[in-house]
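Along the sequence shown, the residues carry numbers beginning at 1. For the numbers below, each heavy atom of this structure counts, side chains included, while hydrogens, waters and symmetry mates do not.
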Amino acid sequence: MQAEKNYPRTFSFEFFPPKTAEGAEKLRGTCKQLAQLGPKFFSVTYGAGGSTRQHTLEAVLEIRAGGQHAAPHISCIGSTAENIRAVLKEYCAHGIHHTVALRGDLPSGTIDSGEFRYANELVAFIRKETGDHFHIEVACYPEVHPQAKSARDDLLNFKRKIDAGANSAITQYFFSADSYFNFVDECAAKGIDVPIVPGIMPISNFSQLMRFSDMCGADIPRWIRLKMQGYGDDRSSIRAFGLELVTSLCDRLLSAGAPGLHFYTLNMAGLTSIIWQRLGLEPHRDESVPTEK
Ligand code: FAD
C-alpha cells in the first residue's frame, strides 16, 4: 500500500496547451489563480504525433516565467525516434528536468503508428538518450486501459514502464476510491515501488464527462450517472453534487495515504480551487522532484 511507503505528497495541476491568443490569455489567469495554492508543479499535455509540440513548450516556458515548476508531457505514437530526440533536446536546452511520458492516441483513421508502439519504449528511449536527466512520470489505469487485453496484462504493461526507468505515475481519473486502493495493492504485489498519484477530474459538465469517460475507460458508477441525469439542465446542482463527490473522493484517498493528487483542470481554476479549499490543503512545495536547475 502507498501509505506504508511514506512518499512525499505531490500536488499538481494539468493544463492543455491553448491554441488561440484568447485561450492563452485565459490560461494565464487560471495559472495565476492556481499558483496561489502552491502546487508542486503544473503539467502541460502534448498532442499525439507532436501536433502541439510548440504550444506545449510555450505554455511550459510561460508557467516557469511566472515562477512555477512546469513539466511538459511527451507522447510517442506517430513519431519517429528522430522527432522524439529533437523534442528531448529542446526540453534539455530549456533546463527542463521533468516530463510525463505517454504513448498517446492517434486520431481515428490514422494508421502510421511511427517508431514507438508503447510508452515503455518511449521511457527506455528517454533513458538511453538522456540518462538520469529527467524525472519521468507515466500514466496508469486503476480501472484498466480500454485497449488492454486484460487487467493483468495492463498491470504488467505498467510495470514495464517502471522497469524501463519511470520514477512515478499518475492515474487516469476514477470515481471509485476502491478501484485505486485495489490497484495500488496489486502494484505493490508485483513489486512496483513508485508513488502512484491519483488523477482527479472535477465535474462541471456531465455530457462532456460521459464522452471523456467512454473514450478513456473511466467508470462512472451507475448511481452517480443516475443522479447527474436526474439534474437535467440544472448545471448548478450538477456542480454542487460534483464538488461534494470529488472532494469526498480526494479526502478518502489522502486519508488512506495516497501520495498527493493530480488535477485535470481543463484549464479552469474554479472547481480545483474549491476542492483544494474544502480539503484544507496548504500551499505545498518540496524539492524531491527535480524540475528546473
Ligand atoms: P501505454 O502504456 O503504451 O499503454 C497503452 C495500451 O497498450 C494499454 O492497453 C497497455 O496495456 C498496452 N501495452 C502497453 N505496453 C505494451 C506492450 N509492451 N505490449 C503490449 N501491450 C502493451 N495523451 C496524449 O496524447 N497527450 C498527453 O499529454 C496525455 N497525457 C496524459 C496524462 C495522464 C496522467 C494520463 C493518465 C493519460 C494521458 N494521455 C495523454 C492519454 C494517453 O496517451 C492514453 O491513455 C493512451 O491511450 C495510453 O497511453 P499510455 O502512455 O498509458 O500507453
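Applying the salt bridge (charged side-chain N to carboxylate O under 4.0 Å, His left out) rule to pairs touching residues 151-173 yields Lys159-Asp163, sequence neighbours excluded. Contacts classified as side chain to side chain donor-acceptor pair (under 3.5 Å) and involving residues 237-247 (residues at least two apart or in different chains) are given here: Asp234-Ser237. Sorted by first and then second residue, the salt bridge (charged side-chain N to carboxylate O under 4.0 Å, His left out) pairs involving residues 15-25 (not counting sequence neighbours) are Glu25-Arg28. Residue pairs meeting the side chain to side chain donor-acceptor pair (under 3.5 Å) criterion with at least one member in residues 208-231, sequence neighbours excluded, are Tyr173-Ser213. Within the structure, salt bridge (charged side-chain N to carboxylate O under 4.0 Å, His left out) contacts touching residues 76-96 (residues at least two apart or in different chains) are Arg53-Glu90, Glu82-Arg85, Arg85-Glu129.
Around atom CG of Asp178, more than 12 heavy atoms belonging to other residues, nucleotides or ligands sit under 6.0 Å away.
Scored by the side chain to side chain donor-acceptor pair (under 3.5 Å) test, Ser43 finds His73 as partners (sequence neighbours excluded). Listed by chain and residue number, Phe13, Phe15 satisfy the ring pair (Phe, Tyr, Trp, His ring centres under 6.0 Å) test with Phe42 (two or more places apart in sequence, or in another chain). Under the side chain to side chain donor-acceptor pair (under 3.5 Å) criterion, Asn120 pairs with no residue, sequence neighbours left out. Taking the ring pair (Phe, Tyr, Trp, His ring centres under 6.0 Å) definition, one finds that His145 meets it with Tyr141, sequence neighbours left out. Residues satisfying the ring pair (Phe, Tyr, Trp, His ring centres under 6.0 Å) criterion with Phe16, sequence neighbours excluded, are absent altogether. By the side chain to side chain donor-acceptor pair (under 3.5 Å) test, Glu58 pairs with no residue at all, sequence neighbours left out.
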*Please assess His98 against His69 for the test ring pair (Phe, Tyr, Trp, His ring centres under 6.0 Å), listing each intermediate value before the final yes or no.*
CA-CA 9 Å; His98 188 187; His69 289 323; 8.6 Å; no
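No single ILVMFWY cluster, assembled from side-chain heavy atoms under 4.5 Å apart, contains both Leu102 and Ile192. Taking hydrophobic clusters as Ile, Leu, Val, Met, Phe, Trp and Tyr residues chained together by side-chain heavy-atom distances below 4.5 Å, Ile200 does not share a cluster with Tyr7. Linking Ile, Leu, Val, Met, Phe, Trp and Tyr residues whenever their side-chain heavy atoms come within less than 4.5 Å places Ile274 and Phe263 in a single cluster.
Note: Phe11 and Trp276 have perpendicular aromatic rings, judged against thresholds of 30 and 60 degrees for the angle between ring planes.
Here the CE-OG distance, from Met268 to Ser204, works out to 4.5 Å after rounding to the nearest 0.5 Å. Considering OH of Tyr180 and OG1 of Thr171, their distance stands at 7.5 Å, rounded to 0.5 Å.
The closest side-chain heavy-atom distance from Phe241 to Ile203 is not below 4.5 Å. Looking at Phe158 and Val138, their side chains come closer than 4.5 Å, going by heavy atoms from C-beta outward.
Through side-chain heavy atoms spaced under 4.5 Å, either directly or across other Ile, Leu, Val, Met, Phe, Trp or Tyr residues, Val197 is tied to no other residue.
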